[in-house]
S.K.: 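My questions all concern the structure below.
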Protein chains: 2
Amino acid sequence: MTSIEDVAKSLGVSTATVSRALRGLPGVSPSTRSRVEQEAQNLGYVPSSAAAGLASGRTMALGVLLPQIERWYFSAVLEGVDRRLRAAGYDLVLFSLGGSGVNRGRVFHRSILRKRIDGLLVLCLELTDSERSSLLELESPTIVVGGAVEGVRHVGIDDSAAARDAVEHLIGLGHTRIGHLRGGGSFGIDFQVPRIRETAYRRTMADHGLEIRPEWEVFGDFRFKEGLAGALQMLADPGNRPTAVFCSSDEMAFGVLRAAVELGIDVPGELSVIGIDDHEFSDPMGLTTIRQSPNEQGDFAAGILLDELQGHPAADVIPVQPHELIVRASTGPVPR
Amino acid sequence: MTSIEDVAKSLGVSTATVSRALRGLPGVSPSTRSRVEQEAQNLGYVPSSAAAGLASGRTMALGVLLPQIERWYFSAVLEGVDRRLRAAGYDLVLFSLGGSGVNRGRVFHRSILRKRIDGLLVLCLELTDSERSSLLELESPTIVVGGAVEGVRHVGIDDSAAARDAVEHLIGLGHTRIGHLRGGGSFGIDFQVPRIRETAYRRTMADHGLEIRPEWEVFGDFRFKEGLAGALQMLADPGNRPTAVFCSSDEMAFGVLRAAVELGIDVPGELSVIGIDDHEFSDPMGLTTIRQSPNEQGDFAAGILLDELQGHPAADVIPVQPHELIVRASTGPVPR
DNA sequence: CTGAAAGCGCTAACAG
DNA sequence: CTGTTAGCGCTTTCAG
């Protein structure tokens with residue numbers, strides 16, 4: 001492998017000059033710089049990140065820690081983070097818990113601390129106390145996306161407002177019998193977000209003087225399959241079912257839509273359905289939803305970390321990420 | 001940060017001994033080893049991967065290069081790779097093209113070659129000649145998952161057989177008017193796989209003496225939205241539409257299912273639908289499909305690379321990954 | 001079984 | 001504007 005010394009020798013300059021020239025640092029004459037660039041190109045020189053990292057203390061890589069990759073929100077945030085990092089010349093080291101607790105200790109107490117990364121993004125993780133403290137002890141900048149962790153900065157939407165907007169959309173259409181499909185529960189995934197949304201649902205219902213029936217509040221784990229099962233249960237009795245369902249995620253809302261097909265319930269004629277997310281499938285499914293943009297959230301969070309690493313002052317207040325009601329074909333006026 | 005020297009000094013041994021003890025190398029007395037382990041723990045010592053990488057030439061990290069993260073197949077393979085790597089103590093460095101060509105050159109000609117990784121997995125990428133050759137020149141082991149690249153080892157299913165099995169399932173149910181929703185087309189994503197599946201569809205139809213109508217072969221880009229659009233077009237004319245559709249991916253099949261709902265076509269009474277993948281939503285959607293397991297594929301491919309890095313001889317022949325017909329509710333006998 | 005010492009390839013003062 | 005000189009923190013011969 002050709003090293004910085006090969007380039008330096010072949011040009012009769014010092015390695016320091018090569019290093020400066022290639023990194024765009026000031027204090028190199030234009031002509032030297034271009035000769036160096038040229039020669040580096042010719043020799044196919046690529047700097048070793050290990051050597052650079054050792055010498056400089058910066059690895060030019062950030063880590064992303066998440067509960068699972070195969071899940072719309074997570075992979076979308078990841079995509080946004082990657083986009084931003086790539087543009088800044090940083091690499092992305094991935095730490096997935098893979099939907100289970102296996103190797104979890106290793107990830108926390110070894111991999112992350114291995115000095116391979118200059119900063120860390122954590123996604124929607126429910127942390128144990130010991131994990132939380134080892135996170136707080138990390139000397140490199142850290143940020144959390146999607147579900148707050150006490151003591152760490154957080155990028156995400158206002159979950160309470162998002163849920164309220166969803167429920168009020170239904171109420172605005174005249175619905176009074178409104179069910180709720182709750183998220184949360186999978187191993188290791190943050191449980192605050194589903195709780196916040198549920199609380200907002202209840203409060204909004206109460207604020208409008210509407211009744212909450214326990215049998216209309218069902219668990220769906222944020223997922224299609226569980227959402228379908230929950231919906232089949234909630235909608236089973238034609239004489240006593242809600243006219244609208246608020247789902248804490250779009251995937252669960254797909255489950256409700258599917259349940260409606262299976263049960264022969266017309267949407268939105270007999271049943272209105274609204275979700276949260278604006279999942280990739282929501283547009284073609286005609287699902288009304290509260291849009292959030294995980295792509296942007298990832299990009300934004302990565303940007304904050306990058307700014308800090310580049311010496312810019314840390315923003316002490318992180319703006320809440322936007323959400324937006326997207327009305328499609330799955331919601332309509334209450335049936336008379 | 002506490003270094004190996006801190007541990008060595010505090011114990012009155014050499015750094016070499018600490019290094020050997022902690023890495024489980026032979027030639028350390030049991031008692032020394034446990035004292036070292038103990039002290040490392042006490043001091044919270046974590047080795048620097050940069051220093052270790054510089055000294056040893058091994059980074060203990062593999063790279064994954066893929067067109068996009070936010071897509072079921074890719075994120076599922078990624079999850080499998082991550083699982084295997086994590087178990088082996090390797091880190092995973094992610095390179096996503098993010099669905100576009102931006103930064104593509106940089107990824108190929110810099111990031112990947114930056115000596116940050118000991119090996120590389122490439123997913124379903126359509127490569128330019130120059131990219132292909134820079135891949136072949138990589139001194140570290142490389143493997144391709146999901147779509148073959150000439151000259152590089154490949155892990156994946158037999159796409160031709162998978163498509164044939166799907167079509168023959170429909171034929172076995174008595175269908176003769178069988179449409180096809182084709183994949184492929186997105187920027188940078190492999191285009192061999194969709195072509196192989198299409199060819200197999202045509203050949204199977206021909207082998208059974210069945211007619212292929214151009215208007216029944218529609219493009220869907222492997223995706224829900226495009227699949228829906230294609231299906232609406234294919235199924236528009238009630239007097240002249242297929243009784244079954246073979247989709248090159250489950251996501252497109254969801255589009256057909258959705259189109260059927262919109263058009264009031266009964267599935268499977270009037271229309272049978274089969275896909276390829278066994279997407280996470282296929283079970284709750286009741287979609288008949290040809291299952292493949294991207295998780296396993298990623299795990300398997302990572303395993304091959306790891307074996308090689310650990311000095312085991314490279315398998316010269318990589319077994320084809322299995323696929324399997326999963327019959328659910330979306331296919332049934334041809335309407336009479 | 002253990003230690004000494006020479007780097008790995010780069011960066012970062014410090015001189016000039 | 002450019003070169004010299006120390007390391008960064010580990011691994012790895014080579015001795016003992």
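Below, all heavy atoms of this structure are taken into account, side chains as well, without hydrogens, waters or symmetry copies.
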S.K.: Can you list the residues that meet the side chain to side chain contact (heavy atoms under 4.5 Å, CB included) rule with B:Asp307, with sequence neighbours excluded?
M.R.: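 Partners of B:Asp307 by the side chain to side chain contact (heavy atoms under 4.5 Å, CB included) criterion, ordered by chain and then number, come out as B:His312.
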S.K.: Could you measure the distance from the CZ atom of B:Phe95 to the CG atom of B:Leu65? Nearest 0.5 Å is fine.
M.R.: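 Answer rounded to 0.5 Å: 7.5 Å.
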S.K.: Which letter, B, S or -, goes with each nucleotide of nucleotides 3-16 of chain D from 5' to 3', with contact meaning a protein heavy atom under 4.0 Å?
M.R.: BB--BBBBBB----
S.K.: Among pairs that include at least one residue of residues 131-145 of chain A, which meet salt bridge (charged side-chain N to carboxylate O under 4.0 Å, His left out), considering only residues two or more places apart or in two chains?
M.R.: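 Those involving residues 131-145 of chain A are A:Arg104-A:Glu131.
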S.K.: Give me each pair satisfying ring pair (Phe, Tyr, Trp, His ring centres under 6.0 Å) with a member in residues 28-64 of chain A, each pair once, sequence neighbours excluded.
M.R.: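 Pairs touching residues 28-64 of chain A that pass the test: none.
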S.K.: Which pairs with one or both residues in residues 3-17 of chain B pass salt bridge (charged side-chain N to carboxylate O under 4.0 Å, His left out), sequence neighbours excluded?
M.R.: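 Of all non-adjacent pairs touching residues 3-17 of chain B, those that pass salt bridge (charged side-chain N to carboxylate O under 4.0 Å, His left out) are B:Glu5-B:Lys9.
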S.K.: Once side chain to side chain contact (heavy atoms under 4.5 Å, CB included) is applied, do any residues pair with A:Thr32, and if so which ones, sequence neighbours excluded?
M.R.: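 Testing A:Thr32 for side chain to side chain contact (heavy atoms under 4.5 Å, CB included), a comparison that skips the adjacent residues, returns A:Thr17, A:Val28, A:Ser29, A:Val36.
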S.K.: So if I take the C1' atoms of five pairs at each end of the helix from C:dC1-D:dG16 to C:dG16-D:dC1 and get each local axis, what angle do the two axes make, rounded to 10 degrees?
M.R.: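 If I round to tens, the end axes sit 30° apart.
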S.K.: Reading DNA chain C in the 5' to 3' direction, which nucleotide is the first one with an atom under 4.0 Å from a heavy atom of chain B, and which is the last?
M.R.: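 Result: C:dC1 to C:dG9.
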S.K.: Got a sec, which residues hit side chain to side chain contact (heavy atoms under 4.5 Å, CB included) with B:Ser56, two or more places apart in sequence or on another chain?
M.R.: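 By the side chain to side chain contact (heavy atoms under 4.5 Å, CB included) rule, B:Ser56 matches B:Arg58.
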S.K.: Restricting to side chain to side chain donor-acceptor pair (under 3.5 Å), what partner residues turn up for B:Asp299, sequence neighbours left out?
M.R.: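 With neighbours one apart ignored, the set is B:Arg83, B:Arg84.
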S.K.: Which pairs pass side chain to side chain donor-acceptor pair (under 3.5 Å) with one or both residues in residues 18-28 of chain A, sequence neighbours excluded?
M.R.: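 Passing the test, one end in residues 18-28 of chain A: A:Ser19-A:Arg23.
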S.K.: What residues, two or more places apart in sequence or in another chain, satisfy side chain to side chain contact (heavy atoms under 4.5 Å, CB included) together with A:Ile318?
M.R.: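 Expected list: A:Ile143, A:Arg153, A:Val155, A:Phe300, A:Ile304.
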